[in-house]
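Here is the structure we will look at.
We count ligands from 1, going down the list as the structure has it; atoms in each ligand are counted the same way.
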Amino acid sequence: MWRRAASLSSLIFSSSQPLRDQGAYSLKAWKFFCADSSKGAGYFSKEKNLFITFVLGGPGSGKGTQCAKIVENFGYTHLSAGELLRREIASNSEDGAMLLDTIKEGKIVPSEVTVKLIQKEMESCGNCKFLIDGFPRNEENRIAFEQIIGAEPNNVLFFDCPEEEMIKRVLSRNEGRVDDNIDTIRKRLKVFAASHHPVIEHYSKKGKLYKIDAIGTEDEIFERVRPVFAACEGAQ
Ligand SMILES: Nc1ncnc2c1ncn2[C@@H]1O[C@H](COP(=O)(O)OP(=O)(O)OP(=O)(O)O)[C@@H](O)[C@H]1O
Ligand SMILES: O=c1ccn([C@@H]2O[C@H](COP(=O)(O)O)[C@@H](O)[C@H]2O)c(=O)[nH]1
Ligand SMILES: [Mg+2]
C-alpha cells in the first residue's frame, strides 16, 4: 500500500521531490493521495486509504517510547497530541497562554484545538499511516476527531500500566516538561482515570482495541506490540 501511495504522489505532483518537501497541499489532494477503492472497508478507512492507530494509556505508560519503535519498524508517522500542543505553545500562538495553563493543570485542551493541529499535520506530511499518541483522551475528543477528520481509527492500542509505575517513570523522565512534577502528575492521573474508560469501551465493542501489558523492558513490550502491526503489513 505504501509503495502504491508513493507512486500516486508522482502522478499528482509532477516533481521527483518528496511530497513532504513540497509544502502544504490541499485536503482534496491528500484524500486523493490516500484513496484506494480496491481495499475493502474494515481494514482501511472506508473512503480513504488512511490507516490510523490511536495509542492510548496513562501519563508515563510508555506511549511515546513504543511509538518510536513502531515508526522505526513499520514506517508510520507519529503524531503526539501533547507534543503538538507543546509546539503550539513554543510558537507563541494566540492560544499559547491558555494551552500552557491547561497543561500545567493536567486538564484536557478543547477538542477543536487539538483536532485542528492533528489535521494540519496529517494533511501536510505525505504519509497515510498514522500513530496518534495520547488522543482521544475522552469521548468529546473522540467524537470531534471522527467529525472533523471524517475517519475512525483502524486500531487502538492501550498501554495498561499501574499508577505507581507511571509516577516513577514520569518523575525520572527529565525532559524539562512543565507537567512532569508530582502535583501535576497526580492531577493528570485523576483526569485520566475519570475520562479514558468510555473511549476504551467504545473501541473494545468495535473489536479495535489491543490492550498491552506495559510492565517489562521497552523491548519486551515492543514484542507485544509488534504482532498488531505485523498482521496489518501482512494484510497489505
Ligand atoms: N518499559 C519501560 N520501562 C521503564 N521505563 C520506561 C519504559 N518505557 C518507557 N520508559 C521511560 O518512561 C518515561 C515515560 O515514557 P514515555 O515518554 O514513552 O511515556 P508516555 O506514555 O508517552 O508519557 P506521557 O503521556 O506523559 O507523554 C520515559 O523516560 C521513558 O524512557
Ligand atoms: O489530546 C490531548 C493531548 C494532550 N493534552 C494536554 O497535554 C498534556 C500532555 O500530554 P502528553 O500526552 O502527556 O504528552 C496533557 O496532560 C494535557 O494537558 C490534551 O489536553 N489533549
Ligand atoms: Mg508521550
Among G58, G216, G62, whose heavy atom sits nearest atom 3 (N) of ligand 1?
G216
Taking distance alone, with N or O pairs closer than 3.5 Å, would you say S172 contacts ligand 1?
no
Run the numbers for me: atoms of ligand 1, each under 4.0 Å from some heavy atom of I221, listed by number.
1 (N)
Taking atom CD as the centre, does E112 end up with more than 12 heavy-atom neighbours from other residues, nucleotides or ligands that are less than 6.0 angstrom away?
no
Is R186 salt-bridged to E163, going by a charged N under 4.0 Å from an acidic O?
no
among protein heavy atoms, the one nearest atom 18 (O) of ligand 2 is K107 O, 2.6 Å
Give a yes/no verdict on whether any heavy atom in Q66 is under 4.0 Å from an atom of ligand 1.
no
Does the salt bridge (charged side-chain N to carboxylate O under 4.0 Å, His left out) test come out yes or no for E146 and R142, once each step is laid out?
CA-CA 6 Å; E146 290 180 6; R142 179 185 72 72; 3.3 Å; yes
Note: L50 and A151 closest approach over all heavy atoms is CD1-CB, 4.2 Å
So which heavy atom on R169 is nearest to which on G216, and how close?
NH2-O, 4.2 Å
Identify, for atom 20 (O) of ligand 2, the protein heavy atom at the shortest distance, and state residue, atom and that distance.
V109 N, 2.7 Å
Out of R188, R169, E175, E220, whose heavy atom sits nearest atom 12 (O) of ligand 1?
R169
Short question: side chain of R188, backbone of K107 - any donor-acceptor pair under 3.5 Å?
no
Mind checking whether G82 has a heavy atom under 4.0 Å from ligand 1?
no
Heavy-atom contacts with G134 under 4.0 Å: which atoms of ligand 2 show up? List them by number with element.
1 (O), 2 (C), 3 (C)
Mind checking whether S61 has a heavy atom under 4.0 Å from ligand 1?
yes
Atoms of ligand 2 under 4.0 Å from any heavy atom of D179, numbered from 1 in the order shown, are 8 (C), 9 (C)
Quick one: does S61's side chain have a donor or acceptor within less than 3.5 Å of a partner on G58's backbone?
yes
Near I108 (heavy-atom distance under 4.0 Å), the atoms of ligand 2 are 20 (O)
E72/K69 salt bridge by N-O under 4.0 Å criterion:
no
Checking a contact table here: which protein heavy atom is nearest atom 1 (O) of ligand 2, and how many Å away?
F135 CD1, 3.2 Å
Is R86 in polar range of ligand 2, meaning some N or O pair under 3.5 Å apart?
yes
Does A214 reach ligand 1 with a nitrogen or oxygen that is under 3.5 Å from one of the ligand's nitrogen or oxygen atoms?
no
Between G134 and L56 the two heavy atoms that sit nearest each other are C-CD2, 4.5 Å
N or O contact, R177 vs ligand 1, cut-off under 3.5 Å:
yes
Which ligand 2 atoms does R188 reach within 4.0 Å, using its non-hydrogen atoms?
13 (O), 16 (O)
Can you confirm whether R177 is buried at CZ, in the sense that more than 12 heavy atoms of other residues, nucleotides or ligands lie under 6.0 Å from that atom?
yes
Any idea which heavy atoms bring C125 and F130 closest together, and the distance?
SG-CE2, 3.4 Å
For atom 3 (C) of ligand 2, find the nearest protein heavy atom and state the residue, atom name and distance (0.1 Å precision).
R137 NH1, 3.0 Å
Please could you name the atoms of ligand 1 that E218 approaches to less than 4.0 Å, counting only its heavy atoms?
1 (N), 2 (C), 6 (C), 7 (C), 8 (N), 9 (C), 10 (N), 31 (O)
Angle between ring planes, Y203 versus F54, binned at 30° and 60°: parallel, tilted or perpendicular?
perpendicular
List ligand 2 atoms under 4.0 Å from T114, heavy atoms only on the residue side.
1 (O)
Do me a favour and list the nearest non-hydrogen protein atom to atom 19 (C) of ligand 2 with residue, atom name and distance?
L85 CD1, 3.5 Å
Just to confirm my output: which protein heavy-atom neighbour is closest to atom 7 (O) of ligand 2, and how far is it?
I103 CG1, 3.5 Å
Validation row: E121, L117 side chains within 4.5 angstrom (heavy atoms)
no
Looking only at heavy atoms, which two atoms of I182 and L171 are closest? And how far apart?
N-CD2, 4.0 Å
R137, E83, E165, R173: member with heavy atom nearest to atom 29 (O) of ligand 1:
R173
Counting heavy atoms only, which of E83, R177, K187 comes nearest to atom 11 (P) of ligand 2?
R177
